[in-house]
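Encoded as C-alpha cells, the structure appears first; notes follow it.
Remember, predicted model here, so these are calculated numbers, not experimental data.
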Amino acid sequence: MKKLLIASTLLLMLTSCGENKSENKPLVENAVDNVESSVSNSIAKNTRLSSREPDLVHQIYNEIIKNDKALQVLDHKVNDIYNKTNEAVSEYESIINKSDTYYNDAESLAKSVADSISKKEIEKVIKTSSEKYKLKTKQTKDIIEKINKNRETIRDTYIIFKIRKTLPEIEKYQNAHPLKTDSLENFIKKQNQLLNELKNLK
C-alpha cells in the first residue's frame, strides 16, 4: 500500500512538471523564442565575423534581420569587408615577411663564419640592406597596420550594434515569460509531502 502511495505521488509530481512548462509559454511573440537552439551560423564558421562570439546574440540578431533587407545588406557588407581584409594585405605581408625571414636567417648564418673580420664585414652588409628595406617598406607597413586596426574597429562597432539591437528582444522575451512562482510553490508542497511520507516509512 505504501509503495502504491509513493508511486502515485511520484506520478503526480512528474505530471505537475509538464504543467509548469505549459504555464511558461510566451505571452507575446518575440525573436528569442523563434531562435532554434540547434541552429548555427548559416555561413561557414571560418569566414563569419561572428564565428568567435557567443551564439545567442548572433542567433537573435539573425532572427531580427530575416525580414529586414537593409540589415541583411549591412550584415553582408560588414562580413565581406572583414573577410576580404586578409586578401587585401596577404600578398604584401608575404613579401615583407619573406624578406624579414631572409635577414634573420642571414644574420644567424653569418655568426657561423669563423674568420672574425669577414664575419663583421658580412654582418655590416646584411644590416645595411635590412635597414634600407625597412625604410622602403615603412609606408606599406603603416597602411597595413591601419587596415588591420580598421578591421578591428569595424568588428567592435558591429558587435556593439548587434547587442543594442538584440537587447530589446531579450527584454521582450523576459516580459513574455513572467515566471510566475505559483506552480513552483505547489511543486515544493508536493516534494515536502513525499519527503514526509518517506520519513514515516518503517
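Taking CG of L71 as the reference point, atom NZ of K162 lies at 10.5 Å (rounded to 0.5 Å). Residue K165 holds its NZ atom at 13.5 Å from CD1 of I60, rounded to the nearest 0.5 Å. In this structure, CG on N196 lies 6.5 Å from CG on N192, to the nearest 0.5 angstrom. Rounded to the nearest 0.5 angstrom, N62 CG and T166 OG1 are separated by 10.5 Å. Once rounded to the nearest 0.5 Å, the distance linking OG1 of T153 with CG of N148 reads 10.5 Å. Taking CD1 from I64 and OH from Y61, the interatomic distance works out to 8.0 Å, rounded to the nearest 0.5 Å.
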**Message:** Run the side chain to side chain contact (heavy atoms under 4.5 Å, CB included) test on T101 and K98 for me, step by step, so that the C-alpha distance in whole Å, both residues' side-chain angles and the decisive distance to 0.1 Å come before the verdict.
**Reply:** CA-CA 5 Å; T101 300; K98 194 166 287 185; 5.6 Å; no
**Prompt:** How far apart are the C-alpha atoms of K124 and K127, what are their side-chain angles, what is the distance that settles it, and do they pass the side chain to side chain contact (heavy atoms under 4.5 Å, CB included) test?
**Reply:** CA-CA 5 Å; K124 187 177 179 182; K127 187 179 179 182; 5.7 Å; no
**Message:** Between D142 and K146, does the salt bridge (charged side-chain N to carboxylate O under 4.0 Å, His left out) criterion hold? Intermediate values first, please.
**Reply:** CA-CA 6 Å; D142 288 345; K146 178 65 176 173; over 6 Å; no
**Message:** For K172 and E169: C-alpha separation, side-chain torsions, deciding distance, then whether salt bridge (charged side-chain N to carboxylate O under 4.0 Å, His left out) applies.
**Reply:** CA-CA 5 Å; K172 193 190 294 184; E169 289 301 323; 3.4 Å; yes
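Counting all heavy atoms, side chain and backbone alike, N175 lies closest to P178 at O-CD, 3.9 Å. Closest approach of I81 to T85, counting heavy atoms only: O-OG1, 2.9 Å.
In the hydrophobic clustering of this structure, Y103 does not group with V113; members are Ile, Leu, Val, Met, Phe, Trp, Tyr whose side-chain heavy atoms approach within less than 4.5 Å, directly or through other members. Cluster annotation: Y133 is connected to V89 through the hydrophobic network of ILVMFWY side chains, with a link wherever side-chain heavy atoms come within less than 4.5 Å. Cluster annotation: I144 is not connected to I154 through the hydrophobic network of ILVMFWY side chains, with a link wherever side-chain heavy atoms come within less than 4.5 Å. Both I170 and I163 sit in one connected hydrophobic cluster of ILVMFWY residues. Membership requires side-chain heavy atoms under 4.5 Å apart, directly or through other members.
Salt bridge present: D80 and K84 bring a charged side-chain N and a carboxylate O closer than 4.0 Å. Taking the charged nitrogens against the carboxylate oxygens, K141 and E145 have no contact shorter than 4.0 Å, which rules out a salt bridge.
The closest donor-acceptor contact from the side chain of Q72 to the backbone of K66 lies under 3.5 Å. In this structure, S94 contributes its side chain and S90 its backbone to no donor-acceptor pair below 3.5 Å. The main-chain N or O of I126 is never found under 3.5 Å from a side-chain atom of S130 such that the two would form a donor-acceptor pair. Between the side chain of S129 and the main chain of V125, no donor-acceptor pair closer than 3.5 Å is present.
The neighbour count for L195 CG, taken as heavy atoms of other residues, nucleotides or ligands under 6.0 Å away, is above 12. Within a 6.0 Å radius of CZ in F161, other residues, nucleotides and ligands contribute more than 12 heavy atoms.
Residues Y82 and N79 form no side-chain contact, since every pair of their non-hydrogen atoms from C-beta on lies 4.5 Å or further apart. The shortest distance between side-chain heavy atoms of E197 and L194 falls below 4.5 Å.
Among pairs with a residue in residues 108-121, those fulfilling side chain to side chain donor-acceptor pair (under 3.5 Å) read D115-S118, at least two apart in sequence or across chains.
In the model, D75 has a side-chain atom that pairs as donor or acceptor with a side-chain atom of Y158 under 3.5 Å.
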